[in-house]
Amino acid sequence: MKQPVEYLNNDTTPCLKCENHAILIARTDYYCKDCFIRFVRGKQRKQMVSEQYRAKFGIQAEKYGIQKVLLAFSGGITSMVLLDILSDLLLEQQKTHKGVTGFNLIIVNIDEFEIFLLNKKIQDIIPNLIQKYNGISIEFKVLSLDSFINEESLYKISLNDEFKSFFKEYNQDITILDILNQTINKSSAEDLLNIIYKNLLLEVAYVENCQTIVLGHSMTRIANEIVALTVKGRGSEIHESIKDHTEIYKNHEIKIMYPLRDVLYAEIIEYGKLADLYQFTIESTIKKSKISKNLTIRDLISNYFTQLTETGYASTASTVVKTGEKLGKSKEKKLGNCKVCNEEIYKNPSTWLKTITVNEPASIETEEELEYNKLYKESTQEEELKLGNPLELCYGCIITLGGFKQTDSGLLWPLKSEEKQLNYIYENDEVEKQHILDEYTL
Amino acid sequence: MPEIIQKKLKVSALCELCHARKAVMKRPKNLMKLCKECFYNVFETEIHNTIVSNNLFSPGDKIAIGASGGKDSTVLASVLKTLNERYNYGLHLVLLSIDEGIVGYRDDSLATVKRNQKQYNMPLEIVSYKDLYNWSMDEIVSCAGIRSSCTYCGVLRRQALDRGAEKLGINHVVTGHNADDVAETVLMNILRGDINRLESSTRILTDSDNSPVKRSKPFKYTYQKEIVLYAHYKKLDYFSTECTYAPEAFRGTARELLKGLESIRPSCIMDIIYSGEHLSLAPKKKKQTVAYKNKKRIEQEINQDGSVKLDTKPKTNKCEKCGYLSSNKICKACVLLQGLELNRAKVSLDSNSAIDGAAKLSKTLEGLSF
Ligand code: SF4
Ligand SMILES: [Zn+2]
Ligand SMILES: [Zn+2]
Ligand SMILES: [Zn+2]
Ligand SMILES: [Zn+2]
């Protein structure tokens, strides 16, 4: 079967772009190593052509002010490749414009060391990366995942039989890991992490005055996201979340971009190998289960795409992305915003679910049944479960909430999350020092 | 049930809804442990809710149940009969079967339908492809190949159901399409980029200009596994062999994916349908050019035949060949049949892969409607 990127063996076919011998075929074209790297870089440049990201002078420079781009950096291969590409862009800008670049780069990592049992600490690879990209100034920040929760604002959210959600105050010291460990469903944890990451990145971008957030999502990953959102009952979010778009966060406009949206995951992997980036990457030591019952929604969808590629349906990812891009706002009436994920709510989710998932028993008929029912009532100590006040949730969050044991725990979540205390585990103050030196030494 | 009296049940073994009877099953939709009675109750009530909240029927309606003898349509006939009596819908129910002409599959399943006719005491009408089109599915497959069998079969069935219903003076056919089918279609449309069907695939009632007969799916929110359980507990008489012409390969992969997803999150079938009900296409960006193009086309049309057609919707006309309602000169079925006649000798519908063939075919078909 034809793979998205195929290596050539001792082939003398010339590269599409230069005289050198090609080493691989990508999208039916022959490339040498350098030209393939340039080809992938070109994909990013095409996405970020806007004046905003170019070196600017005079009126233009004034108009845009200092542009700051936040790179969401997990340490995985895709974000590593995007870092490599952006550094290359900045270096080139510096060279051609006498030290002036189009934007400043802030690299933000949300610490996953504990939750994913990573093989390395990100703090340990940062010095190597700073050295590798020493021509440009990069700010690195590692943010604690627990920055998302603020003790005072924790609430316990639960669901009743009619799919209505409630909240009540809950005061206890708890970590994100504790919260996620209470799910009985891995996909629920995955869904909540998504919400946490998005919120934290926006918060950092806001605090740091970044106008843009870039994510390393490949075309394959975006296709996965489209299917995953559909599967999670979040179909109405697709049109917005997979396009490059602007979020309004605390009255600030923050642009979210996927500069590698035209690059296949397989191409990113090859770039990573050819540019020798794997020495820096970080991985989870948790082995993915072979049993699909232990996988998450996203895992299953990834496997599906991989298996499609193997059986020759290689263009599916791009078809899915194109389909997703054609979607727009739902034509249903908007009812409000979800208090957990902040997404828009259309068809009333609890009414919708209640109509098609009845929870009424058939009538009790015989003496014997009545007897059993009495027995049951005696055995349960009639503890009135006080669920608290009603809370507006979207369909996706109701389903996620269903992945928690309702009786004892429910979901613990910060509801009034305006006040975030960002807690950085690591910041490279070298950058800061360099700025001061540049400015004040003669 | 004397055994229960002898052995006292533990409270934890009771049904999670009534807490009065022994739980005998886990409900596939939410894994709740239920007794038989409560399962029947929730299963039937959910279908009733779906019918009522979507205003599917009015009193006095004559409804044809598309009956294949398979579990979906057998359970549909049984449940509709039950609900019609319980809630006084006032419906006249009729069984309508299509004989596609697939030896070893449809001939046996039709025998089941004939038994159902007696069991449910409903009139039965059978319409056959051979009578209607002079082609049986077996003949079509031997001529056009197995890969697009379902595409042919689907187009022909649609028209056959319409004709059967019309013959009976009925304008509403209900089919046994269940929640799994709907969810699978939503996934398929996304995976295959079938933009034209994205918005309509989750509709419970289709009422199209091209057909005098409306279609609805009372099982839109009913899980396939629950249909199987219901048929099993109620000891319904159905035919369980699959069609000899397996569904196309690509649909198979989507089905596999859905199965995997359901095993990790049973609600995902409903979740996908909820998503599907919210999918809508973004308005076209270049409004001006479109308006300009339309204008030009209208002008051309006036020049050509002197009549003015302002509406973008085509007027429903009749197929020149068969007289069936169609927005084109020749209806989809006749186009397919024409192609078959041409190919009767040489089988030339070779395609690179299953998906290509099916996609090509449905593109051709889409080109026909406006
Ligand atoms: S599986 Fe395909 S060929 Fe067989 S009856 Fe159904 S639509 Fe027709
Ligand atoms: Zn080259
Ligand atoms: Zn939500
Ligand atoms: Zn019960
Ligand atoms: Zn015709």
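Owing to the predicted nature of the structure, the values given are computational and were not obtained by experimental measurement. Every chain is numbered from 1, with letters handed out A, B, ... down the list of sequences.
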Spatial distance of atom CD1 (A/I398) from atom OG (B/S267) [nearest 0.5 Å]: 11.0 Å
Backbone of A/K329 reached by a side-chain donor or acceptor of B/S280 within 3.5 Å: yes
Main-chain N/O of B/A20 paired with A/E369 side-chain donor or acceptor, under 3.5 Å: no
Winner by heavy-atom pair count (cut-off under 4.5 Å) against chain A, out of B/E199, B/K220, B/E277: B/E277
Side-chain (A/N373) to main-chain (B/H19) donor-acceptor, under 3.5 angstrom: yes
Contact origin within B/I264 toward chain A - heavy atom pairs under 4.5 Å: both
Side-chain donor/acceptor of B/N41 to backbone N/O of A/E360, under 3.5 Å: yes
Spacing of A/T357 atom OG1 and B/K29 atom NZ [to the nearest 0.5 Å]: 4.5 Å
Spacing of B/D271 atom CG and A/L229 atom CG [to the nearest 0.5 Å]: 12.0 Å
Residue B/S53 versus chain A: region with a heavy atom under 4.5 Å: side chain
Option passing side-chain contact (heavy atoms from CB on, under 4.5 Å) with B/L191 (candidates A/I226, A/V227, A/T319): A/V227
Whether B/Y274 and A/W352 hold their rings parallel, tilted or perpendicular, with breakpoints at 30° and 60°: perpendicular
Heavy-atom contact with chain A under 4.5 Å, split by part of B/V52: neither
Sub-4.5 Å side-chain heavy-atom contact between B/R21 and A/T366: no
Atom pair CD1/CG of A/I356 and B/N49 - distance to nearest 0.5 Å: 10.0 Å
Check: B/H278 main-chain N/O paired with A/Y346 side-chain donor or acceptor under 3.5 Å: no
Enclosure of B/K33 NZ (heavy-atom neighbours >12, cutoff 6.0 Å): no
Contacting region of B/E16 [heavy-atom separation from chain A under 4.5 Å]: neither
Segment of B/L187 engaging chain A (4.5 angstrom heavy-atom cut-off): side chain
Heavy-atom donor-acceptor pair, B/S275 side chain to A/R234 backbone, under 3.5 Å: yes
Separation of A/T323 OG1 from B/N189 CG (nearest 0.5 Å): 9.0 Å
B/M32 vs A/N359 side-chain heavy atoms within contact, under 4.5 Å: yes
Under 4.5 Å from a heavy atom of chain A, the part of B/L14 involved: side chain
Portion of B/L198 that has a non-hydrogen atom of chain A nearer than 4.5 angstrom: side chain
Per-residue contact mode, B/V11 against chain A (heavy atom under 4.5 angstrom): side chain
A/L353, part contacting chain B, at a heavy-atom distance under 4.5 Å: side chain
